[in-house]
Colleague: 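My structure is below; once you've seen it, I'll send some questions.
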Number of protein chains: 2
Amino acid sequence: MAAAAPRRQPTLDQVAERAGVSRSAASRVINKAPHVSRATRDAVERAIKEMGYLPDRTARALATRQTGIVALAVSHDDPELFADPFFAQVIVGVSAALEETDLHLLLCLASSGRGRSRLTNLLQTRGVDGVMLMALRGDDPLTHIVRQAGVPAVYGGRPLHFEPQWYVDSDNAGGARLATEHLIGLGRTRVVTITGQICTEVGEARYRGYREAMIMAGLTPHGTAEGDFTEAGGAAAMRTLLDRHPDLDAVFAASDNMAAGALRVLAEAGRSVPADVAVVGFDDLQIAERTEPPLTTVHQSIQDLGKEMTRMLLGLIAGQERSSIILPTRLVQRGSA
Amino acid sequence: MAAAAPRRQPTLDQVAERAGVSRSAASRVINKAPHVSRATRDAVERAIKEMGYLPDRTARALATRQTGIVALAVSHDDPELFADPFFAQVIVGVSAALEETDLHLLLCLASSGRGRSRLTNLLQTRGVDGVMLMALRGDDPLTHIVRQAGVPAVYGGRPLHFEPQWYVDSDNAGGARLATEHLIGLGRTRVVTITGQICTEVGEARYRGYREAMIMAGLTPHGTAEGDFTEAGGAAAMRTLLDRHPDLDAVFAASDNMAAGALRVLAEAGRSVPADVAVVGFDDLQIAERTEPPLTTVHQSIQDLGKEMTRMLLGLIAGQERSSIILPTRLVQRGSA
DNA sequence: TACGTGACTGGAAGCGCTTCCAGTTTCCGT
DNA sequence: ACGGAAACTGGAAGCGCTTCCAGTCACGTA
């Protein structure tokens, strides 16, 4: 190793000695605590500057019982799931919110059993001040561990069949309603939907929104096929729907990726979009601007999701009461509907 | 807060007391140190189990002067850069390598001045055991800070005009050579290139590889246009090239995104790919499989990059000597060449 | 002048763990 | 039976910081 000079960084004791005051006085200056005379403060500050002193994080953490670190945990069976740009956006949001604080972000990809036990250990050994949990299933043992470890925790999205005490989620049902209502407003009546996995909260909520909108408009849900949020899955579902409901005149796809697959299949089938069939997606990913025609879709701000999760967690760590948040969605009109 | 029972976790002292041994003995058992009798070990292990003891990370960190945390720092001016799927892949690789250890990953997006100073502080206050640096410019002050803080550091990719002591990088020049040679092997002689920003190491290296291959084959570089690694940039560059070198019969684009833009422009211009113009990209991103025609491209394993960086860093932390690594690339043939 | 008040100070006790060291025990070979 | 090495043990000194507390001091008021 090119380990730097073996001389260690100066300690608080040395600073205090140089400033000619006690260690406690020096500590007070550093922490901007009250009851410090002008003379003491000046002396300590000068010593700090001269020695290039910086307090040791670890020692401070031990004394204050605060690590200055929060974790973002992505718990899921598929290790590749993290490659979804969704998480990058969340992280950008989280980082932005953290930027204004002195906290740092620990990222935990807990897909394997080993990964999960590492995370568990991290929480139980008081390695972080709080944790944000994402992408976990309702029966994920993590929910139990987190609760038991007594670590402040906020959820990003809700697991199915489990309402966490504190969470931030996009208004999935509302967005789906928005999309469906838009299609209905266009005069379409034979609106079908391509859902995500119904065994996920997101998949279920977006399907629910579609149903609600249809029923509110006095229509009956015209046709449903379950996809898996991917482009290929969307294409397959679209083929199924065309087959079963050749008269369909609109489709609400629960993700942009699925909508892209659907568009491809519709083109192959000779249906023109939006003339014959109107299509709306969900997510407003980059892909939505590049489909042919460009995709009308429901926008959700994933960075905001990250930001709000972080703010909520900071509040909880500070001991404040908070309430869960549902983030709004909005329709972005492009060419497909 | 729903803070769990205020009763704190048991400490090592309590475990020792319960086991009827000294704290040092208990510590030895936990750390699997030698010189522990069977009886002592059993007693301590039983006490640990009964009390549900887990050592406190922070206290241990203070005593051992090891935090058990490594940082991945992405230092760049554009906060959105992190949204590039590239980083997600790196993180997946890093996580996989870390999974086998007891270390955790701290993620630092240091784009703003504030972010950079936070990172600086983290390193100087001994908040992490080592750091992996990515996407920084040659003159990034971070390189200096890292050096001065004496924190083990490995670079992912090389900044321009600066060869870090330890780094992992893809063989960009070699890959570009591979791509260009492939085009030449196809009988193309009027091969042009769309480069990335030449003011980046990657951009420069891939351009260099192209030139080398051309010259080795006795050809003169036929035309060059600088893009910015994006699809739009690639499209613009392609238009320029078509305009200046209407006779071109092949193009090597320094990224898949740019290649996708180029394909679009070529189609608009009525050039058929690969018949009239053969195209090769670089990166082998998902988009390469979806272009029309599917893109022949140079594959690099970004997860491996993350893994190797991590292994190297772990080695450095453990005090081993290491040497920098250049990861191989390979050509993936699809329809465009 | 005496006294209560509040600002300021440093000593000392932690935070929970590792590790050095000196002392004790055990177990050989002889 | 005995000397010595090797295995084991617990006391104590840290790691570097925060914070409680008892004490000092200067001040304004009665």
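Here is how names work: the chains are called A, B, and so on, in the same order as the sequence lines, proteins then strands, and each is numbered from 1.
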Colleague: In terms of side-chain heavy atoms, does Glu80(B) have a donor or acceptor partner in Gln303(A) at a distance below 3.5 Å?
Modeller: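 A donor-acceptor contact under 3.5 Å links the two side chains.
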Colleague: Angle class for the Phe162(A)/Tyr155(A) ring planes (parallel below 30°, perpendicular above 60°, tilted otherwise)?
Modeller: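 Rings of Phe162(A) and Tyr155(A): perpendicular, over 60°.
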Colleague: How is Thr64(B) classified with respect to the nucleic acid when contacts are heavy atoms under 4.0 Å: base, sugar-phosphate, or nothing?
Modeller: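 Since only primed, P, OP1 and OP2 atoms lie under 4.0 Å of Thr64(B), the category is sugar-phosphate.
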Colleague: Mind checking Ser27(B) for me? I need base, sugar-phosphate or nothing, with any heavy atom below 4.0 Å counting as a touch.
Modeller: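 The residue Ser27(B) makes base contact.
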Colleague: Whole-Å distance between dC15(D) P and Arg57(A) CZ?
Modeller: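 It is 21 Å, rounded to the nearest whole Å.
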Colleague: Is Ser24(A) near enough to dA12(C) that one of its side-chain N or O atoms lies under 4.0 angstrom from OP1 or OP2?
Modeller: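 Answer is no, no contact under 4.0 Å.
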Colleague: Reading DNA chain D from 5' onward, which residue's closest nucleotide shows up sooner: Ser22(B) or Ala59(B)?
Modeller: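 Closer to the 5' end of DNA chain D: Ser22(B).
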Colleague: Tell me: CZ of Arg38(B) to P of dA7(D), nearest whole Å?
Modeller: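 It works out to 18 Å between those atoms.
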Colleague: Nearest-Å distance, CG (Leu62(A)) to P (dT18(D))?
Modeller: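 Distance check: Leu62(A) CG to dT18(D) P gives 11 Å.
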Colleague: Please tell me which of the listed nucleotides, dC20(D), dT18(D), dT9(D), lies nearest to the side chain of Arg28(A)?
Modeller: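 Ranking dC20(D), dT18(D), dT9(D) by closest atom to the Arg28(A) side chain puts dC20(D) first.
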Colleague: Under the criterion side-chain hydrogen bond (donor to acceptor under 3.5 Å, both in side chains), I'd like the reasoning laid out for Ser75(B) against Arg116(B): C-alpha separation, chi angles, the key distance, then a yes or no.
Modeller: CA-CA 7 Å; Ser75(B) 177; Arg116(B) 266 196 265 277; 3.0 Å; yes
Colleague: Using atom NZ of Lys32(A) as one end and atom C1' of dT18(D) as the other, report the distance to the nearest whole Å.
Modeller: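 These atoms are roughly 16 Å apart.
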Colleague: Quick one: Leu12(B) CG to dG10(D) P, roughly how many Å, whole number?
Modeller: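 Taking atom P of dG10(D) as the reference, CG of Leu12(B) is at 12 Å.
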Colleague: Between P on dG16(C) and CZ on Arg23(B), what's the gap in Å once rounded to a whole number?
Modeller: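 Atom CZ in Arg23(B) sits about 11 Å away from atom P in dG16(C).
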Colleague: Does Ser37(A) reach a base, just sugar-phosphate, or nothing at all? Heavy atoms under 4.0 Å.
Modeller: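 Sugar-phosphate contact only - Ser37(A) comes under 4.0 Å of backbone atoms but never of a base.
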Colleague: Among dC8(D), dG11(C), dG16(D), find the nucleotide with the atom closest to the side chain of His35(B).
Modeller: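 The nucleotide sitting nearest to the side chain is dC8(D).
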Colleague: Taking atom CG of Asp102(B) as the centre, does the number of heavy atoms from other residues, nucleotides or ligands within less than 6.0 Å exceed 12?
Modeller: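 No, because the 6.0 Å sphere around CG of Asp102(B) holds 12 heavy atoms or fewer from other groups.
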Colleague: Assess whether one donor atom and one acceptor atom, taken from the side chain of Arg65(B) and the base of dG16(D), lie less than 3.5 Å apart.
Modeller: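 Donor-acceptor pair under 3.5 Å: no.
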Colleague: Using atom CD of Gln14(A) as one end and atom C1' of dG16(D) as the other, report the distance to the nearest whole Å.
Modeller: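 From Gln14(A) CD to dG16(D) C1': 10 Å.
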Colleague: Is it the case that dG16(D) (base atoms only) and Thr58(A) (side chain only) share a donor and an acceptor within less than 3.5 Å, ignoring hydrogens and angles?
Modeller: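 Donor-acceptor pair under 3.5 Å: no.
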Colleague: Among dG10(D), dC8(C), dG16(C), which nucleotide has an atom closest to any side-chain atom of Val21(B)?
Modeller: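 Nearest listed nucleotide: dG10(D).
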Colleague: Establish, from distance only, whether the side-chain atoms of Thr40(B) and Ser37(B) form a donor-acceptor pair under 3.5 Å.
Modeller: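 There is such a pair between these side chains.
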Colleague: Using side chain to side chain contact (heavy atoms under 4.5 Å, CB included) as the criterion, point out the one residue from Leu119(B), Leu122(B), Val128(B), Leu107(B) that pairs with His104(A).
Modeller: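 Among the candidates, only Leu122(B) passes.
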Colleague: OP1, OP2 of dT9(D) versus side-chain N and O of Thr40(B): anything below 4.0 Å?
Modeller: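 Checking Thr40(B) against dT9(D): at least one side-chain N or O falls below 4.0 Å of OP1 or OP2.
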Colleague: From the set dC17(C), dT19(C), dC17(D), return the single nucleotide nearest to any side-chain atom of Arg60(B).
Modeller: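 Within the option list, the nearest is dC17(C).
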Colleague: From dG10(D), dA7(D), dG16(D), pick the nucleotide closest to the side chain of Ala25(B)?
Modeller: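 Of the options given, the side chain of Ala25(B) lies nearest dG10(D).
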Colleague: What integer distance in Å separates Gln9(B):CD from dC15(C):C1'?
Modeller: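 Atom-to-atom, Gln9(B) to dC15(C), this comes out as 15 Å.
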